[in-house]
Amino acid sequence: MNEIIQAMKERRSCRKYQDAMIPKEDLEEIIEAGLYAASGMGKQSPIIVAVTNKEVRDELSKMNASAMGSENDPFYGAPVVLIVLADKSVRTEVYDGSLVMGNLMLAADAKGIGSCWIHRAKEEFESEEGKALLKRLGIEGDYEGIGHCVLGYRADEKPVPAPRKENRVFWCE
Ligand SMILES: Cc1cc2nc3c(=O)[nH]c(=O)nc-3n(C[C@H](O)[C@H](O)[C@H](O)COP(=O)(O)O)c2cc1C
């Protein structure tokens, strides 16, 4: 099988991480793969906020947990959070941002790094606290939260994928 297709089939979400930080060169490579995602009219509107700072990571975790009504760490202990945000003035922003998320997760997997899409970025960055955090980080503009791609080295075995549901493809030949 073609190795890219095989990688797409073998990527799995990770929900248990080691504490170890990922080297910056590896993060840069993963982020660059995200930036190469296709985007509507090639506008490249999504941006990525790469959080390796533990205090900010924990702050995000708390905001995300409260959006979910939980007290547990929704990032499963992952030390890195890549927040994908997309420009609200671009019509295809959610599609563009989602594709960036997909690239990030695949690139991480290709480098032997675990990842998981953590949701509620929209709610998080609609809140005053979320907006204030972006401002503090020097991010100006009207952005919608698309997702958090949490990253770290796996502390579990990669799970076997759930079987693919049937009857999801309709051919017209
Ligand atoms: C839009 C979206 C939102 C998701 N949100 C969460 C989340 O908040 N927490 C979580 O643990 N997993 C989340 N996931 C991961 C899915 O649960 C996961 O992709 C799915 O169970 C299939 O498993 P796999 O990624 O290993 O193939 C999300 C995935 C997507 C695409």
Side-chain angles (χ1 to χ4, degrees), residues 1-19 22 27 30-31 33-40 45-51 56-88 90-127 129-130 133-134 143-169:
M1 193 191 302
N2 169 284
E3 64 181 36
I4 295 178
I5 296 175
Q6 187 158 356
M8 288 170 163
K9 291 175 73 172
E10 288 180 358
R11 177 213 55 81
R12 295 277 75 78
S13 295
C14 175
R15 295 195 176 85
K16 195 169 180 199
Y17 294 90
Q18 300 174 31
D19 293 334
I22 302 167
L27 289 177
I30 293 166
I31 290 166
L35 298 178
Y36 271 84
S39 62
S45 81
I47 62 169
I48 299 168
V49 184
V51 179
V56 176
R57 177 251 179 252
D58 290 348
E59 201 179 326
L60 286 164
S61 164
K62 284 208 178 80
M63 276 166 49
N64 197 276
S66 90
M68 187 169 50
S70 153
E71 297 206 339
N72 297 330
D73 174 21
F75 300 157
Y76 307 108
V80 179
V81 183
L82 304 181
I83 310 164
V84 176
L85 303 163
D87 184 335
K88 283 189 185 166
V90 172
R91 218 163 32 99
T92 53
E93 48 131 8
V94 176
Y95 311 104
D96 297 345
S98 300
L99 214 44
V100 170
M101 289 289 295
N103 271 22
L104 293 175
M105 292 188 291
L106 281 175
D109 194 70
K111 294 192 68 67
I113 292 167
S115 71
C116 191
W117 179 321
I118 306 299
H119 214 44
R120 299 166 293 281
K122 182 174 160 60
E123 295 84 335
E124 216 171 287
F125 295 103
E126 268 168 3
S127 74
E129 203 183 347
L133 175 64
L134 292 184
Y143 286 105
E144 174 159 338
I146 304 299
H148 312 75
C149 177
V150 299
L151 299 174
Y153 297 108
R154 276 189 178 275
D156 63 354
E157 290 298 313
K158 204 187 234 192
V160 174
R164 298 299 98 179
K165 288 189 178 168
E166 291 186 1
N167 304 321
R168 292 201 296 155
V169 180

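Both counts, for ligands and for their atoms, begin at 1 and track the order of listing. Since the model is a prediction, treat every value here as computed from it, not as a measurement.
The proximity of Pro159 to ligand 1, defined as any non-hydrogen pair under 4.0 Å, does not occur for either the backbone or the side chain. Proximity of Arg15 to ligand 1, defined as any heavy-atom pair under 4.0 Å, is confined to the side chain (atoms from C-beta onward).
Without hydrogens or angle criteria, Lys158 side chain to Glu10 main chain gives a donor-acceptor distance under 3.5 Å. Between the side chain of Ser127 and the backbone N or O of Gly130 there is at least one donor-acceptor pair closer than 3.5 Å. Side-chain atoms of Asn72 never come within 3.5 Å of backbone atoms of Ala65 as a donor-acceptor pair (strictly under, hydrogens ignored). Side chain of Arg11 to backbone of Lys9: no donor-acceptor contact under 3.5 angstrom is found. A donor-acceptor contact shorter than 3.5 Å is absent between the side chain of His148 and the backbone of Val81.
Residue Val150 comes nearest to Ala78 through the heavy atom pair CB-CB, 3.7 Å, listed as atom of the first residue, atom of the second, then distance. Looking at every heavy atom in both residues, Leu151 comes nearest to Pro79 through O-CD, 3.2 Å.
Given atom 25 (O) of ligand 1, the protein heavy atom at minimum distance is Ser13 OG, 2.6 Å. Closest to atom 8 (O) of ligand 1 among all protein heavy atoms lies His119 N, 3.0 Å.
Protein heavy atoms are absent from the 4.0 Å sphere centred on atom 22 (C) of ligand 1.
Taking a cutoff of 4.0 Å between a charged side-chain nitrogen and a carboxylate oxygen, Arg57 and Asp73 qualify as a salt bridge.
The nearest non-hydrogen atom to atom 9 (N) of ligand 1, considering only Asp109, Asn64, Ile118, comes from Ile118. Nearest to atom 11 (O) of ligand 1 by heavy-atom distance, out of Trp117, Phe75, Tyr76, is Tyr76.
The distance from ligand 1 to the heavy atoms of Cys116 drops below 4.0 Å at these ligand atoms: 10 (C), 11 (O), 12 (N). Atoms of ligand 1 lying under 4.0 Å from at least one heavy atom of Arg12, given by number and element, are 24 (P), 26 (O), 27 (O).
Residue Arg120 places a heavy atom less than 4.0 Å from ligand 1. Under the 4.0 angstrom criterion for non-hydrogen atoms, Arg11 is in contact with ligand 1.
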